[in-house]
*Asks:* 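Just passing along the structure, written as structure tokens.
In what follows, residues are counted from 1 in the order of the sequence shown. Computed over heavy atoms, backbone and side chain alike; hydrogens, waters and symmetry mates excluded.
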Amino acid sequence: MAKSDNGDDAYEAELAELQLALVRYQQHAMKAGDKVLVIFEGRDAAGKDGAISRITEHMSIRATRVVALPKPTELESSQWYFQRYVPHLPSAGQVVIFNRSWYNRAGVERVMGFSSQKDQEIFLRDVPHFEEMQIESGLKLVKIWLDISRKEQGERLKERRENPLKALKTSPLDDVAQEKWADYSAARDEMLTRTHQTLSPWTCVVTDEKKVARINVMRHLIKTIAPQEIADSVDAPDSQVLFPFEIGAIAEGRLNK
């Protein structure tokens, strides 16, 4: 497993190998017409931005898009909930990464009261079917939940507030992330339990060690979407860091409570 020490040679070497594998995959995907959608969800400061940056660093600008939608407009709020996400779905040869996604409805909207309980229930009922339709159309869907401990989240949020270079990462929602920790845990548990499906499973990642988490996310992504000759060139993810969601992960404490 890669270590998390700054400047660690083993980490940098494996990162380069994984990025090369992603470039090789994208060359294949552009010829084969693969459509890939990667969804990153997780608590605030769990490392979504860093993981996405390492994944996309050397990928094609034309064939790769990172989507991080802002708060919906008044018009969008009147539409079918999934409507504003549909235009961002990948076409043939494209890899699209959602830095947060339609799962906002089951997370921050639930915790902060931005949508009604009825809307949230409809979402949890409908989203498996929505994703199933995409998959049946030939899309490859990867859903990743980044988990972090309360202590580590607190330290990262404090660093954001104090480091002027991270000013653009701060959000008013950061202020309640720790205060509403238990509420976010309950929302996460219900969301993962009800939307983890055979066709569209969730994969969970322990992210207190940023570099270790990034390496394992990239290994998983390559193993999941790439043809065998590319997938076989990278190590399997560490099961202590990255694992498929199951109900036992909540009860056993593998997901931070």
Side-chain angles (χ1 to χ4, degrees), residues 38-49 51 68-72 77 81-82 85 98-132 141-158 160-161 169-210 213 217 239-257:
V38 184
I39 289 176
F40 276 94
E41 292 288 344
R43 294 185 190 266
D44 291 327
K48 293 179 291 295
D49 292 350
L69 296 184
K71 177 182 176 181
S77 295
Y81 177 69
F82 295 105
Y85 293 98
F98 278 3
N99 185 343
R100 297 199 184 276
S101 66
W102 42 75
Y103 284 101
N104 279 341
R105 175 135 294 179
V108 65
E109 288 193 18
R110 166 176 163 166
V111 173
M112 300 302 297
F114 295 157
S115 59
S116 68
Q117 290 185 354
K118 179 181 177 181
D119 288 340
Q120 295 155 24
E121 181 62 31
I122 290 172
F123 169 79
L124 290 170
R125 181 197 70 195
D126 289 351
V127 69
H129 305 295
F130 177 61
E131 292 174 353
E132 182 179 351
L141 176 61
V142 182
K143 300 192 302 189
I144 299 174
W145 172 265
L146 301 182
D147 209 56
I148 188 172
S149 69
R150 188 171 189 172
K151 179 177 181 293
E152 180 66 19
Q153 183 194 60
E155 292 174 356
R156 292 185 190 179
L157 292 175
K158 181 175 183 291
R160 280 185 184 180
R161 292 191 296 269
K169 284 191 169 188
T170 60
S171 160
L173 295 177
D174 291 350
D175 297 334
V176 297
Q178 294 263 290
E179 175 190 338
K180 293 185 177 291
W181 178 270
D183 294 333
Y184 274 111
S185 294
R188 173 204 64 196
D189 294 349
E190 183 172 8
M191 181 192 81
L192 294 177
T193 299
R194 296 184 61 180
T195 63
H196 177 74
Q197 306 289 324
T198 302
L199 281 178
S200 56
W202 279 102
T203 296
C204 302
V205 188
V206 178
T207 67
D208 279 24
E209 293 285 343
K210 286 184 180 180
V217 165
S239 61
Q240 298 300 307
V241 177
L242 182 147
F243 51 90
F245 172 73
E246 58 181 357
I247 298 297
I250 298 171
E252 297 165 8
R254 283 184 284 158
L255 292 173
N256 289 282
K257 298 181 180 179

*Asks:* Do side-chain atoms of His196 reach the backbone of Trp202 as a donor and acceptor pair under 3.5 angstrom?
*Replies:* yes
*Asks:* Does any non-hydrogen side-chain atom of Ile247 lie less than 4.5 Å from one of Thr193?
*Replies:* yes
*Asks:* Can you tell if the side chain of Ile144 reaches within under 4.5 Å of the side chain of Val205, non-hydrogen atoms only?
*Replies:* yes
*Asks:* Applying ring-ring contact (aromatic ring centres under 6.0 Å, His included), name anything that partners Phe114, two or more places apart in sequence or on another chain.
*Replies:* none
*Asks:* Under 6.0 Å between ring centres, would you say that holds for Phe40 and Phe98?
*Replies:* no
*Asks:* Report yes or no: does Ser149 contribute a side-chain atom to a donor-acceptor pair with the main-chain N or O of Glu152 at less than 3.5 Å?
*Replies:* yes
*Asks:* Indicate yes or no for a side-chain donor-acceptor contact from Gln197 to the backbone of Arg194 under 3.5 Å, with no hydrogens or angles considered.
*Replies:* yes
*Asks:* Can Lys48 and Glu41 be said to form a salt bridge (Lys or Arg N to Asp or Glu O under 4.0 Å), step by step?
*Replies:* CA-CA 7 Å; Lys48 293 179 291 295; Glu41 292 288 344; over 6 Å; no
*Asks:* Under the 3.5 angstrom rule, does the side chain of Arg188 hit a backbone N or O of Asn256 as a donor-acceptor pair?
*Replies:* yes
*Asks:* Rounded at 0.5 Å granularity, tell me how far CD1 in Ile250 sits from NZ in Lys257.
*Replies:* 9.0 Å
*Asks:* For the pair Ser101 and Lys143, evaluate side-chain contact (heavy atoms from CB on, under 4.5 Å) and give the outcome as yes or no after the intermediate values.
*Replies:* CA-CA 10 Å; Ser101 66; Lys143 300 192 302 189; over 6 Å; no
*Asks:* Centres of the Trp145 and Tyr103 rings: under 6.0 Å?
*Replies:* no
*Asks:* Under the salt bridge (Lys or Arg N to Asp or Glu O under 4.0 Å) criterion, do Asp126 and Arg105 qualify, and how do the steps go?
*Replies:* CA-CA 12 Å; Asp126 289 351; Arg105 175 135 294 179; over 6 Å; no
*Asks:* If we only count heavy atoms from C-beta on, is the Gln240 to Val206 side-chain gap below 4.5 Å?
*Replies:* no
*Asks:* Flag yes if more than 12 heavy atoms outside Gln117 fall under 6.0 Å of its CD atom; otherwise flag no.
*Replies:* no
*Asks:* Passes side-chain contact (heavy atoms from CB on, under 4.5 Å), Cys204 versus Leu255? Steps please.
*Replies:* CA-CA 8 Å; Cys204 302; Leu255 292 173; 4.0 Å; yes
*Asks:* Would you mind listing every salt bridge (charged side-chain N to carboxylate O under 4.0 Å, His left out) that reaches into residues 169-180, with sequence neighbours excluded?
*Replies:* Arg160-Asp174
*Asks:* Does any N or O in the side chain of Thr207 come within less than 3.5 Å of the main-chain N or O of Asp147, such that one atom is a donor and the other an acceptor?
*Replies:* yes
*Asks:* Should Leu199 and Glu131 be marked as a side-chain contact (heavy atoms from CB on, under 4.5 Å) after you check the CA-CA gap, both sets of side-chain angles, and the distance that decides it?
*Replies:* CA-CA 8 Å; Leu199 281 178; Glu131 292 174 353; over 6 Å; no
*Asks:* Could you tell me whether a side-chain N or O of Arg156 sits under 3.5 Å from a main-chain N or O of Ala45, the two making a donor and an acceptor?
*Replies:* yes
*Asks:* Going from CG on Leu157 to OG1 on Thr170, what distance comes out if it is rounded to the nearest 0.5 angstrom?
*Replies:* 10.0 Å
*Asks:* Main chain of Ser115, side chain of Gln120: is a donor-acceptor contact present, judged purely on distance under 3.5 Å?
*Replies:* yes
*Asks:* Within 45 degrees of the ring normal and closer than 6.0 Å to the centroid, is that where the cationic atom of Arg254 sits relative to Phe243?
*Replies:* yes
*Asks:* Is the backbone N or O of Arg150 less than 3.5 Å from a side-chain atom of Gln178, with the two atoms forming a donor-acceptor pair by type?
*Replies:* yes
*Asks:* Rounded at 0.5 Å granularity, tell me how far CG in Asn104 sits from CE in Met191.
*Replies:* 10.0 Å
*Asks:* Looking at Trp102 and Tyr81, would you say the former's side chain and the latter's main chain have a donor-acceptor pair under 3.5 Å?
*Replies:* no
*Asks:* Hey, are Asp183 and Arg110 close enough for a salt bridge, meaning a charged N less than 4.0 Å from a carboxylate O?
*Replies:* no
